[in-house]
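Every chain is numbered from 1 and lettered A, B, ... according to where its sequence line falls, protein lines coming before strand lines.
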2 protein chains.
Amino acid sequence: MQAETPTLDDVARLAGVSANTASRVVRNKGSIAAATRERVHAAIDTLGYVPNRAAGSLASSSSMIIGVILPSLSNIVFPEVLRGIHAGLAGTPYQPMIGVTDYDLGKEQQLISSLLAWQPAAIITTGFDHTDSARRMLEGSGIRVGELMDIDGTPIDIAVGLSHRMAGKAMARRLIERGYTKVGYVGHDWTDDRRANARYLGLCEGLAEAGHTLAAEERGHDASSTRAGRAALAKLLAQDVKLDAVAFSNDDMAVGGFMHCLAGEISVPNELALMGFNGLEIGQSLPKPLSTILSNRFAIGKTAVELLLQAGRSSDPQIIDTGFSLLDGATT
Amino acid sequence: MQAETPTLDDVARLAGVSANTASRVVRNKGSIAAATRERVHAAIDTLGYVPNRAAGSLASSSSMIIGVILPSLSNIVFPEVLRGIHAGLAGTPYQPMIGVTDYDLGKEQQLISSLLAWQPAAIITTGFDHTDSARRMLEGSGIRVGELMDIDGTPIDIAVGLSHRMAGKAMARRLIERGYTKVGYVGHDWTDDRRANARYLGLCEGLAEAGHTLAAEERGHDASSTRAGRAALAKLLAQDVKLDAVAFSNDDMAVGGFMHCLAGEISVPNELALMGFNGLEIGQSLPKPLSTILSNRFAIGKTAVELLLQAGRSSDPQIIDTGFSLLDGATT
DNA sequence: TTCTTTTATCTCAGCGCTAACATTATCTCT
DNA sequence: AGAGATAATGTTAGCGCTGAGATAAAAGAA
């Protein structure tokens, strides 16, 4: 088909300018005469020139890559963050390069190292937990770093997210407000998920402030899923502690719990109130919309990208609280 | 912190070899004396050397990037394919660079162009529909190309997926088998989603083979979601055609339909049978597991990557059928 | 032993682009 | 009109790595 991929030199020759001028037109940098710009663009079109990013990156020691490190893809939450990142990147020449850690800090470190090999413009990861080595790499790289989802900590550069402790507390307050006092908790395995843990602690704190404590709890040994939520609620209720409400580690688990109630003919919220976290679409489509707390995943991703692309790293870290809101629902 | 990022030259100097030898050790290519290899590795460790991918790509005119183009991230299906891709890439030096088209072939073409600027090792996209220009770029690039999800077409290089027509037919057969004859259809807006369309056609074909036709249908104007499914089923039933079963365009829609039945006290499957497509976890956690067809998303992604990394592009295209299986469920 | 093959390494040029500086033409201000 | 600023372009030297071929040392074959 096409003989050879055309290079900037080919474009420059056809347009009758130097390679550097052509490069400046492509990058829209420096001052260029309108006529020259047009001729170069015409040459680009006729040749179908596409810049070689590797060469550009090498020469400038910086690339149009945004490294994105996510803990998981199994849960719809992170794809939604990714969607926000994409939205923020739309119309820019940046491309996301993604990695998945499975909540393993060692893998994260490895990913950071291999992403830095591309000299990305920025790296986006989650939370404040990193290995020492990973933190050093991120700090030393000088590039912009976004730590998403959480804001209860000290960011390397910027953090965008919400306070999971506060969200947990808000769950507690909501339940108390509605008159529930015998509150149980159902969680997935969050040994590696600091944020779920923070919500749990916030919940306990909120209950304590009202003079209560968790009446019972059940934590599975699996990742969060509707299946796991269903099973865990069954187990919790089998403990035979009298409960009037259950708080779940997230909506997936809560939806599972709702399914258990449906199957077992437990009336929600009369016999048992349910509360989740995340505000997933599925929870709002249940026969009774799930009472939950909306985390703004899409906004987190989008906001982070926009801020990261705005300017170079500033001296002091920045925290952006994207907040959360209570979804009233009908399960409490 | 670290003075300067160490280069291959630094490693070579410390190990007392030439840069090229060091490079060969890093890439594990050519024959190297065991002692040399060790010395180089030691040097790499002490310096904390990380290869500059941009330089490598430029010199070799090929990169360790796998371009991944997905139609959407809103539906859990594609993140699962991506998960499969990740799984297949684990332990290799390849990194996925992803783009999202929102089912827009123009955007796909643009993404292909900008991904090719990185000289990726392979490009993975979905389906057989591409603009002429996109197809030409993919063919002309000479790199390996994976077209995922569908197998009813002629691939550029390899296609990995399942026959959506056959899946639709299987839905029809299943419903007929169970004695349902007044079958309705609920779909999302699939003007840009050829595969949902193919399943619809397969369904009609399957019904026709048994001497039946679709008794009623309702197609929304939104993307698929539980909410949309719930609303669309309500609308379908309002048509006041006597139905004994409804086939949905996918599980999200079907779960929404199930919710409608729960809320409206329509007994499933006695009064109305429901059937979905995809085999999502949520469907299997309903009080009555959803009857559906399992598409092997994870396997599609993983298989594709494994095949693409195996060797260069062969002369003739290849089709890999990852198949589908019926999940019996309790809603038919 | 001498010639050939194999193994292990080195030298050198260059991938396609951009940063930095040099140069020329065009203004602006006194 | 001459000095200095500004705009528009050109020249040069790499960025850090890899491919191709050259070379030297070790091993086998005749």
Side-chain angles (χ1 to χ4, degrees), chain A residues 2-41 43-44 47-65 93 114 116-121 142, chain B residues 2-41 43-44 47-65 93 114 116-121 142:
Chain A
Q2 72 257 52
E4 279 293 306
T5 349
T7 72
L8 237 199
D9 273 316
D10 299 325
V11 171
R13 207 168 308 121
L14 183 56
V17 296
S18 76
N20 192 308
T21 302
S23 167
R24 268 166 5 221
V25 172
V26 171
R27 288 176 296 145
N28 206 15
K29 210 185 166 194
S31 45
I32 286 119
T36 310
R37 185 191 312 271
E38 263 173 50
R39 259 183 306 132
V40 172
H41 275 137
I44 288 173
L47 294 178
Y49 169 74
V50 175
N52 180 324
R53 296 286 181 194
S57 303
L58 180 58
S60 66
S61 12
S62 74
S63 76
M64 298 303 216
I65 290 175
S114 56
L116 284 176
W118 289 103
Q119 319 219 75
Chain B
Q2 72 257 50
E4 278 294 305
T5 347
T7 72
L8 238 199
D9 273 317
D10 299 326
V11 171
R13 207 169 309 120
L14 183 57
V17 297
S18 76
N20 189 298
T21 301
S23 168
R24 264 154 40 221
V25 172
V26 171
R27 288 176 296 146
N28 207 14
K29 208 183 165 196
S31 44
I32 286 119
T36 310
R37 173 176 285 120
E38 263 173 50
R39 258 182 309 132
V40 172
H41 276 135
I44 287 173
L47 293 177
Y49 169 73
V50 175
N52 180 325
R53 296 291 181 189
S57 303
L58 180 58
S60 65
S61 13
S62 74
S63 76
M64 298 303 215
I65 290 176
S114 56
L116 284 176
W118 289 104
Q119 318 219 73

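Look at B:S23 and you'll find a side-chain N or O under 4.0 angstrom from OP1 or OP2 of D:dT18. Contact annotation: A:K29 reaches the phosphate of C:dA19 (side-chain N/O to OP1 or OP2, under 4.0 Å).
As judged by a 4.0 angstrom heavy-atom cut-off over every strand, B:T36 is placed among residues touching the sugar-phosphate backbone only.
Going from atom CZ of A:R37 over to atom C1' of D:dT9 covers 13 Å, rounded to whole Å. Rounded to whole Å, the distance from CD1 on B:I32 to P on C:dT6 is 19 Å.
Each of B:S57, B:S62, B:S63 was compared with B:S60 under the side chain to side chain donor-acceptor pair (under 3.5 Å) criterion, and only B:S62 meets it.
Contact annotation: the side chain of A:T7 never approaches that of A:N52 to less than 4.5 Å [non-hydrogen atoms, C-beta and beyond].
The side chain of B:R27 sits closest to D:dG19 out of D:dG19, C:dT18, C:dT7.
Contact between B:R37 and B:I32 at its shortest, heavy atoms only, is N-CG2, 3.8 Å. Between A:A22 and A:V17, the closest heavy-atom pair is N-CG2, 4.2 Å. Residues A:L47 and A:P6 approach most closely at O-CG, 3.5 Å, considering heavy atoms.
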- Message: Can you build the contact string for nucleotides 10-16 of chain C? Use B for base contact, S for sugar-phosphate-only contact, and - for no protein heavy atom under 4.0 Å.
- Response: BB--BBB
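Comparing the end axes of the helix from C:dT1-D:dA30 to C:dT30-D:dA1, each fitted to five base pairs by superposing C1' atoms of four pairs onto the next four, gives an inter-axis angle of 30° (nearest 10 degrees).
For the atom pair OG1 of B:T21 and CG of B:L8, the computed distance is 10.5 Å after rounding to the nearest 0.5 Å. To the nearest 0.5 Å, atoms CG (A:L58) and CD (A:Q119) are separated by 8.0 Å.
Between the side chain of B:R53 and the main chain of A:A117, no donor-acceptor pair closer than 3.5 Å is present.
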